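The structure displayed is predicted, hence computed values, not measured ones.
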Number of protein chains: 2
Amino acid sequence: MPTDTKSALLMTAERAARTRGFDGFSYADLAESVGIRKASVHHHFPTKAALSVALMHRYHADKEAACARVDAAEPTGGARLLALINLYREALDGGKSLCLCVSFSTSRESLPSEVTAQIGRFRMMMIGWLEATFEVGRCDGTIAGVEDPAAEAAATLPLLEGAQLAARAAENPAIFECGLKLLRQRLT
Amino acid sequence: MPTDTKSALLMTAERAARTRGFDGFSYADLAESVGIRKASVHHHFPTKAALSVALMHRYHADKEAACARVDAAEPTGGARLLALINLYREALDGGKSLCLCVSFSTSRESLPSEVTAQIGRFRMMMIGWLEATFEVGRCDGTIAGVEDPAAEAAATLPLLEGAQLAARAAENPAIFECGLKLLRQRLT
DNA sequence: GTCTATATGTGGATAGAC
DNA sequence: GTCTATCCACATATAGAC
(Lines give C-alpha, C1' and ligand atoms only; values in the text may rest on other atoms or scores of the structure.)
Protein backbone atom coordinates (compact mmCIF):
# COMPACT_ATOMS: atom_id res chain seq x y z
CA MET A 1 0.00 0.00 0.00
CA PRO A 2 1.28 3.48 -0.81
CA THR A 3 2.00 6.12 1.81
CA ASP A 4 -1.21 7.29 3.37
CA THR A 5 -2.53 10.69 2.47
CA LYS A 6 -1.71 12.33 5.78
CA SER A 7 1.95 11.33 5.61
CA ALA A 8 2.15 12.42 2.00
CA LEU A 9 0.77 15.81 2.99
CA LEU A 10 3.31 16.17 5.79
CA MET A 11 6.16 15.22 3.49
CA THR A 12 5.06 17.60 0.75
CA ALA A 13 4.41 20.41 3.22
CA GLU A 14 7.81 20.03 4.86
CA ARG A 15 9.61 20.18 1.55
CA ALA A 16 7.57 23.21 0.51
CA ALA A 17 8.15 25.00 3.82
CA ARG A 18 11.87 24.36 3.66
CA THR A 19 12.28 25.54 0.10
CA ARG A 20 9.72 28.34 -0.12
CA GLY A 21 8.94 29.22 3.49
CA PHE A 22 5.78 28.72 5.48
CA ASP A 23 4.03 31.53 3.64
CA GLY A 24 5.36 30.28 0.34
CA PHE A 25 2.95 27.41 -0.12
CA SER A 26 -0.81 27.17 0.05
CA TYR A 27 -3.38 24.46 0.56
CA ALA A 28 -3.94 24.66 -3.18
CA ASP A 29 -0.27 23.74 -3.74
CA LEU A 30 -0.45 20.80 -1.35
CA ALA A 31 -3.67 19.57 -2.93
CA GLU A 32 -2.15 19.60 -6.38
CA SER A 33 1.06 17.85 -5.28
CA VAL A 34 -0.77 15.08 -3.47
CA GLY A 35 -3.53 14.77 -6.04
CA ILE A 36 -6.57 15.67 -3.99
CA ARG A 37 -8.67 18.83 -3.57
CA LYS A 38 -8.16 21.73 -1.20
CA ALA A 39 -11.15 20.80 0.94
CA SER A 40 -9.69 17.33 1.47
CA VAL A 41 -6.48 18.83 2.81
CA HIS A 42 -8.54 20.66 5.39
CA HIS A 43 -9.99 17.31 6.42
CA HIS A 44 -6.53 16.13 7.53
CA PHE A 45 -5.27 19.46 8.87
CA PRO A 46 -8.21 21.76 9.70
CA THR A 47 -6.03 24.88 9.70
CA LYS A 48 -2.59 25.79 8.48
CA ALA A 49 -1.66 26.48 12.08
CA ALA A 50 -2.48 22.87 12.97
CA LEU A 51 -0.36 21.71 10.05
CA SER A 52 2.60 23.80 11.23
CA VAL A 53 2.40 22.26 14.70
CA ALA A 54 2.34 18.75 13.24
CA LEU A 55 5.32 19.55 11.01
CA MET A 56 7.41 20.89 13.85
CA HIS A 57 6.50 18.00 16.12
CA ARG A 58 7.59 15.45 13.56
CA TYR A 59 10.73 17.42 12.78
CA HIS A 60 11.82 17.53 16.42
CA ALA A 61 11.37 13.77 16.77
CA ASP A 62 13.21 13.09 13.52
CA LYS A 63 16.23 15.22 14.42
CA GLU A 64 16.42 13.86 17.93
CA ALA A 65 16.48 10.35 16.48
CA ALA A 66 19.14 11.40 13.98
CA CYS A 67 21.36 12.70 16.78
CA ALA A 68 20.90 9.44 18.67
CA ARG A 69 21.93 7.52 15.57
CA VAL A 70 25.04 9.67 15.28
CA ASP A 71 25.94 8.90 18.90
CA ALA A 72 25.49 5.22 18.25
CA ALA A 73 27.57 5.23 15.07
CA GLU A 74 30.39 7.57 16.08
CA PRO A 75 32.35 7.17 19.30
CA THR A 76 34.37 10.41 19.23
CA GLY A 77 33.19 13.98 19.76
CA GLY A 78 34.92 15.17 16.61
CA ALA A 79 33.26 12.56 14.42
CA ARG A 80 29.86 13.33 15.94
CA LEU A 81 30.18 17.03 15.32
CA LEU A 82 31.31 16.38 11.76
CA ALA A 83 28.25 14.20 11.26
CA LEU A 84 25.99 17.03 12.43
CA ILE A 85 27.67 19.47 10.07
CA ASN A 86 27.00 16.99 7.29
CA LEU A 87 23.33 16.79 8.26
CA TYR A 88 23.02 20.58 7.98
CA ARG A 89 24.78 20.53 4.64
CA GLU A 90 22.40 17.88 3.35
CA ALA A 91 19.40 19.88 4.55
CA LEU A 92 20.72 22.73 2.42
CA ASP A 93 20.11 20.57 -0.65
CA GLY A 94 22.55 22.35 -2.90
CA GLY A 95 21.42 25.79 -1.77
CA LYS A 96 17.74 25.26 -2.40
CA SER A 97 16.35 24.57 1.05
CA LEU A 98 16.76 25.17 4.77
CA CYS A 99 16.20 23.02 7.79
CA LEU A 100 12.67 23.43 9.10
CA CYS A 101 13.79 25.20 12.27
CA VAL A 102 15.48 28.01 10.34
CA SER A 103 12.62 28.25 7.91
CA PHE A 104 10.03 28.50 10.68
CA SER A 105 12.18 30.94 12.65
CA THR A 106 11.90 33.31 9.74
CA SER A 107 8.11 33.05 9.55
CA ARG A 108 7.44 33.90 13.14
CA GLU A 109 4.49 36.18 12.50
CA SER A 110 2.54 33.62 10.50
CA LEU A 111 2.86 30.80 12.99
CA PRO A 112 0.84 29.99 16.10
CA SER A 113 2.50 30.58 19.46
CA GLU A 114 2.68 26.86 20.00
CA VAL A 115 5.15 26.57 17.15
CA THR A 116 7.25 29.35 18.65
CA ALA A 117 7.44 27.27 21.81
CA GLN A 118 8.29 24.16 19.80
CA ILE A 119 11.12 26.02 18.08
CA GLY A 120 12.50 27.02 21.46
CA ARG A 121 12.38 23.46 22.72
CA PHE A 122 14.01 22.18 19.54
CA ARG A 123 16.92 24.58 19.90
CA MET A 124 17.36 23.63 23.54
CA MET A 125 17.47 19.97 22.56
CA MET A 126 20.06 20.63 19.87
CA ILE A 127 22.22 22.80 22.11
CA GLY A 128 22.08 20.12 24.79
CA TRP A 129 23.31 17.54 22.32
CA LEU A 130 26.04 19.89 21.09
CA GLU A 131 27.23 20.63 24.61
CA ALA A 132 27.52 16.91 25.37
CA THR A 133 29.33 16.43 22.07
CA PHE A 134 31.84 19.20 22.77
CA GLU A 135 32.41 17.72 26.21
CA VAL A 136 33.17 14.34 24.70
CA GLY A 137 35.44 15.98 22.14
CA ARG A 138 37.26 17.88 24.84
CA CYS A 139 37.92 14.68 26.81
CA ASP A 140 38.94 12.47 23.90
CA GLY A 141 40.92 15.24 22.24
CA THR A 142 39.13 15.08 18.88
CA ILE A 143 37.95 18.70 19.06
CA ALA A 144 40.76 21.18 19.57
CA GLY A 145 40.70 24.14 21.91
CA VAL A 146 37.52 23.40 23.84
CA GLU A 147 37.43 25.24 27.15
CA ASP A 148 33.74 25.93 27.65
CA PRO A 149 31.49 23.27 26.06
CA ALA A 150 28.29 25.19 26.86
CA ALA A 151 29.55 28.34 25.15
CA GLU A 152 30.78 26.32 22.18
CA ALA A 153 27.36 24.73 21.81
CA ALA A 154 25.56 28.06 22.08
CA ALA A 155 27.76 29.43 19.29
CA THR A 156 27.72 26.41 17.02
CA LEU A 157 23.97 26.14 16.42
CA PRO A 158 23.58 29.76 15.24
CA LEU A 159 26.69 29.32 13.09
CA LEU A 160 25.20 26.27 11.37
CA GLU A 161 21.85 27.97 10.92
CA GLY A 162 23.29 31.30 9.83
CA ALA A 163 25.61 29.64 7.32
CA GLN A 164 22.70 27.69 5.94
CA LEU A 165 20.60 30.83 5.60
CA ALA A 166 23.34 32.74 3.80
CA ALA A 167 24.06 29.83 1.47
CA ARG A 168 20.40 29.46 0.55
CA ALA A 169 20.01 33.20 0.00
CA ALA A 170 22.73 33.02 -2.65
CA GLU A 171 21.76 29.50 -3.71
CA ASN A 172 25.42 28.68 -3.25
CA PRO A 173 26.48 25.82 -0.94
CA ALA A 174 30.09 27.02 -0.99
CA ILE A 175 29.07 29.79 1.40
CA PHE A 176 28.09 27.16 3.93
CA GLU A 177 31.47 25.49 3.59
CA CYS A 178 33.35 28.75 4.05
CA GLY A 179 31.45 29.54 7.22
CA LEU A 180 32.16 26.12 8.69
CA LYS A 181 35.81 25.95 7.64
CA LEU A 182 37.23 27.20 10.92
CA LEU A 183 35.20 24.78 13.02
CA ARG A 184 36.02 21.86 10.81
CA GLN A 185 39.72 22.55 11.09
CA ARG A 186 39.47 21.94 14.83
CA LEU A 187 38.18 18.40 14.31
CA THR A 188 40.47 15.40 14.17
CA MET B 1 10.26 70.86 7.18
CA PRO B 2 9.20 67.31 7.99
CA THR B 3 10.69 64.25 6.37
CA ASP B 4 9.44 63.92 2.83
CA THR B 5 6.91 61.22 2.04
CA LYS B 6 9.32 58.97 0.18
CA SER B 7 11.77 58.85 3.07
CA ALA B 8 8.96 58.27 5.52
CA LEU B 9 7.79 55.33 3.43
CA LEU B 10 11.28 53.83 3.33
CA MET B 11 11.68 54.22 7.07
CA THR B 12 8.30 52.68 7.83
CA ALA B 13 8.82 49.87 5.33
CA GLU B 14 12.23 48.99 6.73
CA ARG B 15 10.93 48.78 10.27
CA ALA B 16 7.98 46.66 9.10
CA ALA B 17 10.20 44.34 7.04
CA ARG B 18 12.59 43.88 9.94
CA THR B 19 9.91 43.12 12.50
CA ARG B 20 7.33 41.25 10.45
CA GLY B 21 9.17 40.15 7.31
CA PHE B 22 8.79 41.31 3.74
CA ASP B 23 5.53 39.41 3.36
CA GLY B 24 4.32 40.66 6.71
CA PHE B 25 3.37 44.16 5.67
CA SER B 26 1.24 45.51 2.85
CA TYR B 27 0.85 48.77 1.01
CA ALA B 28 -2.26 49.29 3.12
CA ASP B 29 -0.10 49.14 6.26
CA LEU B 30 2.41 51.61 4.85
CA ALA B 31 -0.35 53.95 3.75
CA GLU B 32 -1.91 53.98 7.19
CA SER B 33 1.42 54.50 8.97
CA VAL B 34 2.42 57.42 6.78
CA GLY B 35 -1.04 58.92 6.57
CA ILE B 36 -1.73 58.66 2.85
CA ARG B 37 -3.69 56.26 0.67
CA LYS B 38 -2.57 53.03 -0.92
CA ALA B 39 -2.60 54.46 -4.43
CA SER B 40 -0.25 57.22 -3.31
CA VAL B 41 2.26 54.67 -2.08
CA HIS B 42 2.29 53.20 -5.59
CA HIS B 43 3.15 56.65 -6.90
CA HIS B 44 6.45 56.58 -4.97
CA PHE B 45 7.18 52.87 -5.40
CA PRO B 46 5.26 51.45 -8.37
CA THR B 47 5.66 47.85 -7.21
CA LYS B 48 6.63 46.16 -4.00
CA ALA B 49 9.61 44.71 -5.86
CA ALA B 50 10.85 48.24 -6.56
CA LEU B 51 10.39 49.10 -2.91
CA SER B 52 12.45 46.10 -1.84
CA VAL B 53 15.30 47.15 -4.13
CA ALA B 54 15.24 50.68 -2.73
CA LEU B 55 15.25 49.35 0.82
CA MET B 56 18.20 47.07 0.25
CA HIS B 57 20.13 49.77 -1.57
CA ARG B 58 19.71 52.22 1.28
CA TYR B 59 20.52 49.52 3.81
CA HIS B 60 23.80 48.62 2.13
CA ALA B 61 24.89 52.25 2.06
CA ASP B 62 23.87 52.79 5.70
CA LYS B 63 25.77 49.78 6.99
CA GLU B 64 28.83 50.55 4.93
CA ALA B 65 28.86 54.03 6.42
CA ALA B 66 28.39 52.62 9.90
CA CYS B 67 31.43 50.38 9.45
CA ALA B 68 33.45 53.35 8.27
CA ARG B 69 32.41 55.29 11.36
CA VAL B 70 33.52 52.38 13.54
CA ASP B 71 36.90 52.36 11.82
CA ALA B 72 37.25 56.08 12.43
CA ALA B 73 36.21 55.87 16.08
CA GLU B 74 38.04 52.70 17.13
CA PRO B 75 41.72 52.10 16.44
CA THR B 76 41.97 48.45 17.51
CA GLY B 77 40.58 45.35 15.83
CA GLY B 78 39.03 44.11 19.06
CA ALA B 79 37.16 47.35 19.68
CA ARG B 80 35.93 47.43 16.10
CA LEU B 81 34.58 43.89 16.25
CA LEU B 82 32.91 44.64 19.56
CA ALA B 83 31.27 47.67 17.98
CA LEU B 84 29.88 45.51 15.18
CA ILE B 85 28.51 43.00 17.67
CA ASN B 86 26.80 45.91 19.39
CA LEU B 87 25.26 47.05 16.10
CA TYR B 88 23.76 43.59 15.58
CA ARG B 89 22.45 43.55 19.13
CA GLU B 90 20.82 46.93 18.63
CA ALA B 91 19.22 45.76 15.39
CA LEU B 92 17.67 42.95 17.40
CA ASP B 93 15.69 45.58 19.31
CA GLY B 94 15.08 43.47 22.38
CA GLY B 95 14.18 40.41 20.35
CA LYS B 96 11.58 42.07 18.18
CA SER B 97 13.43 42.67 14.93
CA LEU B 98 16.20 41.49 12.62
CA CYS B 99 18.67 43.31 10.45
CA LEU B 100 17.28 43.77 6.95
CA CYS B 101 19.77 41.36 5.39
CA VAL B 102 18.60 38.45 7.56
CA SER B 103 14.97 39.38 7.11
CA PHE B 104 15.29 39.54 3.33
CA SER B 105 17.33 36.34 3.23
CA THR B 106 14.36 34.57 4.69
CA SER B 107 11.93 35.98 2.12
CA ARG B 108 13.87 34.87 -0.90
CA GLU B 109 10.88 33.67 -2.88
CA SER B 110 8.98 36.93 -2.62
CA LEU B 111 11.82 39.17 -3.72
CA PRO B 112 13.03 40.10 -7.20
CA SER B 113 16.32 38.58 -8.33
CA GLU B 114 17.94 42.00 -8.11
CA VAL B 115 17.51 41.93 -4.33
CA THR B 116 19.08 38.47 -4.20
CA ALA B 117 22.10 39.97 -5.93
CA GLN B 118 22.10 42.95 -3.56
CA ILE B 119 22.06 40.58 -0.58
CA GLY B 120 25.08 38.78 -2.00
CA ARG B 121 26.97 42.03 -2.48
CA PHE B 122 26.05 43.18 1.02
CA ARG B 123 27.42 40.00 2.58
CA MET B 124 30.61 40.31 0.55
CA MET B 125 31.04 43.85 1.77
CA MET B 126 30.52 42.84 5.39
CA ILE B 127 32.87 39.85 5.14
CA GLY B 128 35.51 42.08 3.59
CA TRP B 129 35.23 44.50 6.48
CA LEU B 130 35.35 41.64 8.98
CA GLU B 131 38.43 40.14 7.37
CA ALA B 132 40.24 43.47 7.56
CA THR B 133 39.14 43.84 11.16
CA PHE B 134 40.41 40.39 12.14
CA GLU B 135 43.68 41.17 10.43
CA VAL B 136 44.04 44.37 12.44
CA GLY B 137 43.12 42.48 15.60
CA ARG B 138 45.67 39.80 14.83
CA CYS B 139 48.42 42.37 14.40
CA ASP B 140 47.61 44.55 17.40
CA GLY B 141 46.83 41.56 19.62
CA THR B 142 43.32 42.68 20.59
CA ILE B 143 41.65 39.57 19.15
CA ALA B 144 43.06 36.33 20.52
CA GLY B 145 43.84 33.23 18.51
CA VAL B 146 43.48 34.62 15.00
CA GLU B 147 45.29 32.47 12.46
CA ASP B 148 43.15 32.82 9.36
CA PRO B 149 41.37 36.21 9.14
CA ALA B 150 39.40 35.20 6.04
CA ALA B 151 38.02 32.07 7.67
CA GLU B 152 37.22 34.02 10.83
CA ALA B 153 35.29 36.58 8.82
CA ALA B 154 33.38 33.91 6.90
CA ALA B 155 32.34 32.33 10.20
CA THR B 156 31.54 35.52 12.10
CA LEU B 157 28.85 36.94 9.83
CA PRO B 158 26.70 33.77 9.88
CA LEU B 159 27.21 33.56 13.63
CA LEU B 160 25.93 37.12 14.11
CA GLU B 161 23.00 36.54 11.78
CA GLY B 162 22.14 33.11 13.13
CA ALA B 163 22.26 34.33 16.72
CA GLN B 164 20.00 37.21 15.80
CA LEU B 165 17.54 34.90 14.10
CA ALA B 166 17.38 32.52 17.05
CA ALA B 167 16.99 35.37 19.53
CA ARG B 168 14.16 36.90 17.56
CA ALA B 169 12.41 33.55 17.17
CA ALA B 170 12.23 33.26 20.94
CA GLU B 171 11.90 37.02 21.43
CA ASN B 172 14.75 36.67 23.88
CA PRO B 173 17.92 38.77 23.44
CA ALA B 174 19.79 36.58 25.93
CA ILE B 175 20.07 33.94 23.21
CA PHE B 176 22.07 36.40 21.13
CA GLU B 177 24.43 37.04 24.03
CA CYS B 178 24.97 33.33 24.65
CA GLY B 179 25.84 32.74 21.02
CA LEU B 180 28.36 35.58 21.00
CA LYS B 181 29.93 34.80 24.38
CA LEU B 182 32.83 32.78 23.01
CA LEU B 183 33.80 35.38 20.44
CA ARG B 184 33.55 38.21 22.90
CA GLN B 185 35.88 36.44 25.30
CA ARG B 186 38.59 36.61 22.67
CA LEU B 187 38.45 40.41 22.56
CA THR B 188 40.63 42.62 24.71
C1' DG C 1 1.04 64.05 -5.30
C1' DT C 2 -2.93 62.58 -3.61
C1' DC C 3 -7.37 60.95 -4.00
C1' DT C 4 -11.75 57.52 -4.99
C1' DA C 5 -12.96 53.59 -7.09
C1' DT C 6 -12.07 49.35 -8.86
C1' DA C 7 -9.86 45.30 -11.15
C1' DT C 8 -7.99 40.90 -10.37
C1' DG C 9 -5.98 37.29 -8.05
C1' DT C 10 -5.23 34.28 -4.15
C1' DG C 11 -5.20 33.13 0.47
C1' DG C 12 -7.47 30.13 4.28
C1' DA C 13 -11.64 28.17 5.53
C1' DT C 14 -16.64 26.16 5.57
C1' DA C 15 -21.19 23.78 4.08
C1' DG C 16 -23.13 20.01 2.63
C1' DA C 17 -23.57 16.16 -0.99
C1' DC C 18 -21.59 11.68 -2.23
C1' DG D 1 -12.33 10.79 2.88
C1' DT D 2 -13.16 13.17 -0.94
C1' DC D 3 -15.74 16.09 -3.65
C1' DT D 4 -18.15 20.78 -5.67
C1' DA D 5 -19.29 25.16 -4.62
C1' DT D 6 -18.83 29.12 -2.17
C1' DC D 7 -17.52 32.75 1.32
C1' DC D 8 -14.82 36.35 2.94
C1' DA D 9 -10.70 38.88 3.75
C1' DC D 10 -6.86 40.85 1.91
C1' DA D 11 -3.13 41.29 -1.34
C1' DT D 12 -0.92 44.01 -5.38
C1' DA D 13 -1.90 46.96 -8.82
C1' DT D 14 -4.33 50.35 -12.17
C1' DA D 15 -7.51 54.17 -14.15
C1' DG D 16 -8.62 58.51 -14.09
C1' DA D 17 -10.34 62.79 -11.50
C1' DC D 18 -8.69 66.69 -8.68
(message) Any side-chain N or O of B/Thr47 below 4.0 angstrom from OP1/OP2 of D/dT12?
(response) no
(message) OP1 or OP2 of D/dT2 versus the side-chain N and O atoms of A/Thr5: is any pair under 4.0 Å?
(response) yes
(message) Would you call the rings of A/His42 and A/Tyr27 parallel, tilted or perpendicular, taking 30° and 60° as the class edges?
(response) tilted
(request) Take the protein atom CD of B/Glu32 and the nucleotide atom P of C/dC3, then report the distance between them rounded to whole Å. (result) 13 Å
(message) Do A/Arg168 and B/Ser105 make a side-chain contact, defined as non-hydrogen atoms from C-beta onward lying under 4.5 Å apart?
(response) no
(message) Output the rounded distance in Å from NE2 (A/His42) to C1' (D/dC8).
(response) 13 Å
(request) Measure from NZ or CZ of B/Lys63 to the centre of the six-membered ring of B/Tyr88 and say whether it is under 6.0 Å with the direction within 45° of the ring axis. (result) yes
(request) Anything under 30° is parallel, anything over 60° is perpendicular, the rest tilted; go ahead and classify A/His60 against A/Phe122. (result) perpendicular
(message) With a 4.0 Å cutoff (strictly under), does any side-chain N or O of B/His44 reach OP1 or OP2 of C/dT2?
(response) yes
(request) Using whole Å, report how far NZ of A/Lys48 lies from P of D/dA9. (result) 20 Å
(request) Calculate the interatomic distance between B/Asp29 atom CG and D/dA11 atom C1'; express it in whole Å. (result) 10 Å
(request) Output yes when at least one side-chain N/O atom of B/Ser40 is less than 4.0 Å from OP1 or OP2 of C/dG1, else no. (result) no
(request) Provide, to the nearest angstrom, the distance between the CD1 atom belonging to B/Ile36 and the C1' atom belonging to C/dT4. (result) 14 Å
(request) Pick base, sugar-phosphate or nothing for B/Ser26, based on heavy-atom distances below 4.0 Å to the nucleic acid. (result) sugar-phosphate
(request) Please work out if B/Phe25 contacts a base, only the sugar-phosphate, or nothing of the nucleic acid, heavy-atom cut-off 4.0 Å. (result) sugar-phosphate
(request) Quickly work out the A/Tyr27 OH to C/dG9 P distance and round it to whole Å. (result) 25 Å
(message) What is the separation between atom CG on B/Asp23 and atom C1' on D/dT12, rounded to the nearest whole Å?
(response) 12 Å
(message) Tell me the interatomic distance from A/Arg37, atom CZ, to C/dA15, atom C1', rounded to whole angstroms.
(response) 17 Å
(message) Checking contacts here: which listed nucleotide (D/dA5, D/dT12, C/dT2) is nearest the side-chain heavy atoms of B/Lys38?
(response) D/dT12
(message) Within the structure provided, determine whether A/Lys181 and A/Arg184 are in side-chain contact (heavy-atom separation under 4.5 Å).
(response) no
